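A quick note: this is a predicted structure, and the numbers were derived from the prediction, not measured.
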There are 2 protein chains.
Amino acid sequence: MVILKPGQALSLWHKAMLAQVHDDAPDLTTRQMAILLTIYLDPPPHTVRGLAAHLNVTKPVITRALDTMGILGFVRRRRDERDRRNVLIQRTVQGSEYLENLGILISQEAGKVT
Amino acid sequence: MVILKPGQALSLWHKAMLAQVHDDAPDLTTRQMAILLTIYLDPPPHTVRGLAAHLNVTKPVITRALDTMGILGFVRRRRDERDRRNVLIQRTVQGSEYLENLGILISQEAGKVT
DNA sequence: CTTTCTTATTACGGAGCCGTAATTATTTTC
DNA sequence: GAAAATAATTACGGCTCCGTAATAAGAAAG
């Protein structure tokens with residue numbers, strides 16, 4: 001359990017957002033970030049339908065986010081051979097690195113919060 | 001000082017993003033959020049030029065963000081009477097409430113991070 | 001007081017995301 | 001095996017954001 005008072009939380013959020021803005025890395029939309037983190041932190045398999053239900057958004061939102069993040073190299077699609085209607089979304093090395101850096105960045109900023 | 005390991009940071013970020021997506025509240029872009037937090041957490045006065053320099057973005061970005069967040073009622077513009085070229089950006093009750101809720105939300109999610 | 005500088009805004013063409021509805025491909029049901 | 005159901009994508013019109021360049025208003029310098 002992490003103890004973080006509301007004021008500290010805002011301060012951390014502020015620093016993290018500023019770092020994101022200054023950073024060269026592409027900054028994803030809130031939805032894209034939520035999707036990416038779900039793919040990487042929740043256990044697979046991940047499908048378009050499952051992600052849409054989990055985030056409570058429509059499926060085209062997921063499809064488009066996967067298009068964008070696929071171009072960035074953060075995720076990869078693969079057909080489910082057992083039911084070829086499904087698309088299984090998979091992690092990539094680049095996506096892992098991106099999120100790893102993000103985690104380190106937030107962690108560092110947390111250390112600066114008084 | 002807040003201790004938050006990279007893995008915990010990602011988990012917190014995930015939960016906060018998910019909560020934001022589920023929430024009815026309008027979700028701002030990364031830049032808008034960074035601007036809003038700077039206005040509320042850094043000491044005034046805040047000007048378009050100052051914010052642009054602080055975030056390292058062009059001035060139209062600030063102007064547009066202020067337009068959008070002004071419509072949402074989160075910030076207010078006021079002419080600087082001492083130098084009428086300047087616009088002073090001010091906080092509002094609604095903006096305070098929005099950020100207060102955000103702080104509480106993140107704080108609560110932090111408590112759930114193992 | 002006219003020129004120059006500074007601050008902020010608007011204009012404009014381009015790009016991305018949104019939600020709804022239509023489309024394609026595959027599986028299940030009868 | 002034809003019809004219905006399911007999964008994902010594409011199409012479309014609308015809205016917002018972007019960066020650059022032009023504009024408007026005010027202050028400072030000469």
- Between D:dA8, D:dC17, C:dC18, spot the one nearest the side chain of B:T29, thanks. D:dC17
- Item | Under 4.0 angstrom between A:R77 side-chain N/O and D:dA7 OP1 or OP2 | no
- Item | Under-4.0 Å side-chain N/O to phosphate OP1/OP2 contact, B:T63 with C:dA8 | no
- Query: Given C:dT24, is OP1 or OP2 found less than 4.0 Å from the side-chain N or O atoms of A:R85?
  - Reply: no
- Task: Look at all strands and tell whether A:R79 reaches a base, only sugar-phosphate, or nothing, counting heavy atoms closer than 4.0 Å.
- Result: nothing
- Query: Can you tell which of C:dT9, D:dA7, C:dG19 lies closest to the side chain of A:R64?
  - Reply: C:dG19
- Message: If you compare every side-chain N and O of A:T68 against the phosphate oxygens of C:dG16 (OP1, OP2), does one of them come in below 4.0 Å?
- Response: no
- Task: Establish, with yes or no, whether the OP1 or OP2 oxygen of D:dC18 is under 4.0 angstrom from a side-chain nitrogen or oxygen of B:R31.
- Result: yes
- Message: I want to check one thing: is the phosphate of C:dT26, taken as OP1 and OP2, less than 4.0 Å away from some side-chain N or O of A:R84?
- Response: yes
- Test salt bridge (charged side-chain N to carboxylate O under 4.0 Å, His left out), reference A:E81, set A:R78, A:R79, A:R84, output is A:R84
- To the nearest Å, how far apart are A:L66 CG and D:dA7 C1'? 13 Å
- Message: Check whether B:R91 reaches the backbone of B:I39 with its side chain - one donor and one acceptor, N or O, closer than 3.5 Å.
- Response: yes
- Query: Rounding to a whole Å, what distance do you find between A:R49:CZ and D:dA8:P?
  - Reply: 8 Å
- Query: Separation of B:R82 atom CZ from C:dT6 atom P, in whole Å?
  - Reply: 19 Å
- Message: Between A:H54 and B:L18, does the side chain to side chain contact (heavy atoms under 4.5 Å, CB included) criterion hold? Intermediate values first, please.
- Response: CA-CA 9 Å; A:H54 189 240; B:L18 274 182; 3.7 Å; yes
- Message: Nearest whole Å is fine: how far is C:dT9 P from B:D80 CG?
- Response: 13 Å
- Task: Round to a whole Å and report the spacing from CE of A:M69 to C1' of C:dG16.
- Result: 14 Å
- Return the value, rounded to whole Å, for the distance between atom NZ of B:K59 and atom C1' of D:dT23. 12 Å
- Message: Measuring to OP1 and OP2 of C:dA8, would you say a side-chain N or O of B:N86 lies under 4.0 angstrom away?
- Response: yes
- Message: What verdict does the side chain to side chain contact (heavy atoms under 4.5 Å, CB included) test give for B:Y40 and B:T92, after you've listed the backbone C-alpha separation in whole Å, the side-chain angles of each residue and the deciding distance to 0.1 Å?
- Response: CA-CA 9 Å; B:Y40 278 80; B:T92 67; 3.6 Å; yes
- Item | side-chain N/O B:Q32 vs D:dC17 OP1/OP2, d < 4.0 Å | yes
- Message: Using whole Å, what does the distance between atom C1' of nucleotide D:dT16 and atom CG of A:D27 come to?
- Response: 15 Å
- Report the residue (B:V48 or A:D83) whose heavy-atom-nearest nucleotide on DNA chain C is the more 5′ of the two. B:V48
- Rounding to a whole Å, what distance do you find between A:N56:CG and C:dC18:P? 14 Å
- Item | Any donor-acceptor N/O pair, A:Q8 side chain to A:K5 backbone, under 3.5 Å | yes
